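Pasting a structure below so you can have a look.
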Amino acid sequence: MAQIAQVLVDVPTMQTDRPYSYQIPTAWQSQVQPGMRVVVPFGRGKRRVQGLVLKCDDVTTFDGDLKAIDAVVDLAPVLNHEGLELSAWLAQSTFAFQITCAQTMLPAVMRAKYVKILRPTATTSAQVQQDLFATETSVVYDQVATTPEAVSRLLRLQAAGEVDVYYQVKNQARKKTIMGIKATLSAAEFDQALGDVRKGAAKQVALLNGLQTLNGEVLPQKDFEQRFDVSDAVIRTGVQKGWLKKQPLEVYRDPYATADIQATKPLTLNDEQQVAVDQITAAVNQPATTTFLLEGVTGSGKTEVYLQSIAAVLAQGKTALMLVPEISLTPQMVQRVKGRFGKAVAVLHSGLSSGEKYDEWRRIKRHEAQVVVGARSAVFAPLDNIGLIIMDEEHESSYKQDDAPRYHARQVALWRSQYHHCPVVLGSATPSLESRARAEKGVYQRLVLADRVNKRPLPKVSIIDMKNELQKHAESNFSQALLVALQDRLDRHEQSVLMLNRRGYSSFVLCRDCGFVLKCPNCDISLTLHMDTHTMKCHYCGHEEAIPRVCPNCHSRQIRYYGTGTEKVEEELRDLLPDARIIRMDNDTTRKKGAHAKLLTRFGSGEADILIGTQMIAKGLDFPNVTLVGVLNADTALGLPDFRASERTFQLLTQVSGRAGRAEKTGHVYIQTFNPDHYAIRFAQHHDYEGFFKYEMRMRHQGGYPPYYFTVQLTASDLDEAIAAKRMYQLLQWLKPRLTPNTVILGPTPKPIARVNRRYYYQIVIKYKQDPNLTATLSTLLQETQAQQRQGLQIAIDVEPLHFM
DNA sequence: AGCACGCCGACT
DNA sequence: GTCGGCGTGCTC
């Protein structure tokens with residue numbers, strides 16, 4: 001019987017990341033288990049925080065008085081053995097705190113909320129009682145401590161013992177309930193009651209007869225009312241007469257409950273697909289884990305391979321995890337999986353409310369779902385007995401989390417596959433260089449789907465040199481060739497998709513007299529014009545202000561918006577092709593829940609001729625009537641100071657090209673660019689992944705970049721630019737002697753966007769092939785910089801960053 | 001984070 | 001002399 005629990009405390013900004021020992025009260029000694037959340041007192045005051053039990057035993061290295069656990073939050077562990085091990089590994093491999101990792105793995109509602117509460121004491125004076133509490137017995141600290149004077153007064157009162165401080169740890173997890181009906185009468189009592197009913201009270205008789213069929217079950221009131229045709233009024237009468245009880249009934253919020261999902265049958269596989277499914281399923285029961293790299297051009301039927309592999313795994317009584325990028329987690333996609341596996345599927349994505357996510361999490365935990373489909377964080381889904389992990393579009397950068405813990409879902413998937421001895425399938429038409437290189441070395445096993453289903457040809461790709469176009473018509477977003485093609489599709493009643501590379505391509509306000517550009521007061525970038533809300537917005541910090549009518553600098557009225565956002569493109573297109581029906585899809589039009597799906601459905605049902613959008617339209621959508629794809633600005637990403645710029649451009653172009661001509665009609669792709677001879681664009685034109693891979697690998701080799709080197713990025717930020725820079729130079733001096741001589745340290749350099757949210761950013765990049773000292777050095781750095789956070793300096797450690805800006 | 005301890009300047 | 005500023009250290 002364990003008496004002492006090792007508890008990880010929920011104070012992530014703390015200097016130390018280690019468990020604390022707590023006494024387990026005798027009454028709970030048989031209940032408390034590792035992986036449960038508890039509430040513990042922490043610190044000198046009366047502070048109470050949530051903690052996670054790591055271990056239960058009878059020993060502690062701490063030689064002082066142990067405090068006791070205050071409350072046990074969970075009846076069963078929220079993290080099992082795997083979850084605890086995984087959180088520890090994640091903390092160590094991403095240089096994050098274990099409690100932060102554990103919180104990332106759990107639904108957001110499980111994070112405790114803390115409320116500081118003031119209560120009167122026995123010695124509270126009438127005056128204080130009056131103006132602090134009035135008639136209440138407690139007040140929330142934040143509501144009364146609004147001014148510095150109020151704060152110091154409260155401190156004095158607390159010291160004098162006139163008010164008592166109390167911390168409430170709130171569990172936000174709420175189970176959704178609906179009202180249920182439960183019969184309370186025995187069979188004999190029913191007959192008695194039926195006899196007592198006044199003549200002509202037909203509804204009461206119906207109610208009693210209905211109740212008799214329940215057999216002690218609790219039925220939702222709504223269902224009961226419908227089935228027996230009784231109203232709430234009659235039910236209330238029944239409650240009064242003691243025939244039945246109303247009782248809350250726990251239900252899951254089902255975000256897809258209303259969608260009528262069509263069952264789908266497995267499709268017939270072609271030879272390549274069959275080979276892939278066979279290989280994957282053969283690896284399921286092997287003691288050694290295999291990682292497959294499934295390379296298949298768009299339209300080659302990767303999804304069908306996933307679905308049939310999952311089916312095989314389910315048939316063995318195991319579970320399956322399928323990861324997709326958030327952006328391609330479309331209703332189309334969800335319906336396809338749900339259509340195949342029905343209720344066994346749980347879906348996790350950012351569009352769900354936190355309550356809905358919690359419900360899906362519980363369904364998985366209780367083994368009510370055997371298949372999980374979800375975006376990045378779904379990799380932590382509490383599945384047991386995993387037989388297969390699939391990661392679609394494995395090259396997508398959204399699999400990497402931008403803030404702590406800065407994990408890549410691929411790494412977590414590989415870790416879990418080791419734990420469960422199950423295969424992983426990494427699927428992509430354009431694998432990341434890292435993964436493709438690993439397949440080359442035999443670390444991953446390569447599976448190739450070279451043919452499109454039904455042997456459809458890939459679309460023809462034309463490259464349009466915008467340098468020539470610009471001379472012909474100034475400042476248009478559309479080349480002549482693209483316009484002609486668009487008009488042609490309109491005439492033939494076929495659809496077109498236009499994509500804008502969002503990066504660096506938004507409308508800003510410029511004064512034509514003095515050249516003044518409206519910038520964010522907090523960040524180092526121009527504000528973006530948003531016509532829908534009629535405001536100027538900062539895309540980095542969210543700052544918002546009115547559109548200026550006169551130039552703030554020279555007071556000229558010649559201030560105009562300029563540049564090419566999706567709105568601007570839409571406007572121009574309406575001018576050029578007044579008859580075209582256009583749908584625009586970008587961050588503004590899809591912000592509302594479900595808007596994304598609605599727009600796609602409208603486009604799919606032929607309500608529009610042209611779909612304009614950013615990157616979000618490049619993925620996953622499959623509309624048979626689309627025969628033209630236009631990329632308005634293929635190369636805005638190429639100019640970025642990031643060695644992955646070519647790779648991203650190639651992937652994006654290849655992907656968006658796949659949107660054209662997926663059905664019987666052949667497609668045509670137009671790529672507008674100022675760099676028509678760039679290799680990323682040329683290889684994309686010829687759908688030549690292999691060519692691109694070989695060429696880009698040479699470039700990476702020459703530059704000493706991944707996959708030939710590993711990288712770690714260190715970023716410092718401070719309100720004062722000089723301090724941020726100075727600290728980075730000190731850090732450089734500190735790092736140098738600690739790392740192996742072969743390790744390259746680049747920087748410090750200011751980040752390309754040097755100021756965000758009033759903070760200045762500087763970075764150091766460490767490149768290495770092998771450095772036995774690195775892990776220890778970075779761990780030390782993490783601990784030491786923690787202490788300096790007080791001074792406002794923040795240092796972030798990012799292992800294998802995907803963005804260098 | 002949040003609380004206490006402790007060491008310095010400006011007050012009844 | 002003390003009240004209160006915030007720099008520093010610790011939390012089982």
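Labels below follow one simple rule: chain letters A, B, ... track the order of the sequence lines, proteins then strands, and each chain is numbered from 1. Since we're looking at a predicted model, the values are computed, not measured.
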key: Interatomic distance, A:Gln103 CD vs B:dA1 P [rounded to whole Å]   =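 Whole-Å distance recorded here is 14 Å.
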key: Interatomic distance where CZ belongs to A:Arg153 and C1' belongs to C:dG4 [whole Å]   =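 It works out to 19 Å between those atoms.
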task = Answer yes when A:Asp10 and A:Arg111 have at least one side-chain N-carboxylate O distance shorter than 4.0 Å, and no when they do not.
result =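 A salt bridge is absent here (no side-chain N lies under 4.0 Å from a carboxylate O).
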query = Do A:Arg362 and A:Tyr358 meet the cation-pi criteria used here (NZ or CZ under 6.0 Å from the six-membered ring centre, within 45° of the axis)?
reply =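 So A:Arg362 does make the cation-pi contact.
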message = Does A:Lys116 reach a base, just sugar-phosphate, or nothing at all? Heavy atoms under 4.0 Å.
response =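 Sugar-phosphate contact only - A:Lys116 comes under 4.0 Å of backbone atoms but never of a base.
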ask   = What is the distance from CG of A:Asp57 to P of C:dC12, rounded to the nearest Å?
value =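 Rounded to whole Å, this separation is 18 Å.
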ask   = Measuring from A:Gln23:CD to A:Trp28:CH2, what's the distance to the nearest 0.5 Å?
value =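 Reported to 0.5 Å precision, the distance equals 12.0 Å.
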query = Atom CZ of A:Arg47 and atom P of C:dC12: how far apart are they, to the nearest Å?
reply =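 The distance from CZ of A:Arg47 to P of C:dC12 comes to 10 Å, rounded to the nearest Å.
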Spacing between A:Arg18 atom CZ and C:dC12 atom P, to the nearest angstrom =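 Answer to the nearest Å: 10 Å.
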ask   = Whole Å only: how far is the CD atom of A:Gln50 from the C1' atom of C:dC12?
value =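 Atom-to-atom, A:Gln50 to C:dC12, this comes out as 17 Å.
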inquiry  = Tell me whether the side-chain N/O atoms of A:Tyr20 come closer than 4.0 Å to OP1 or OP2 in C:dT11.
reply    =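 The answer is no; no side-chain N or O of A:Tyr20 sits under 4.0 Å from OP1 or OP2.
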message = By the 4.0 Å heavy-atom rule, please label A:Phe62 as base, sugar-phosphate, or nothing.
response =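 Here A:Phe62 touches the bases of the nucleic acid.
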request  = Without swapping roles, check the side chain of A:Tyr22 against the backbone of A:Pro41 for a donor-acceptor pair under 3.5 Å.
outcome  =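 Answer holds: yes.
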key: Pairwise 5' ranking along DNA chain C for A:Arg44 and A:Asp65, keeping only the more 5' one   =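 Upstream on the strand: A:Arg44.
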query = Given atom OH of A:Tyr22 and atom C1' of C:dC12, what is their separation to the nearest angstrom?
reply =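 Going from A:Tyr22 (OH) to C:dC12 (C1'), I get 5 Å.
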query = To the nearest Å, how far apart are A:Phe42 CZ and C:dC10 P?
reply =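 Rounded to the whole Å, the gap is 13 Å.
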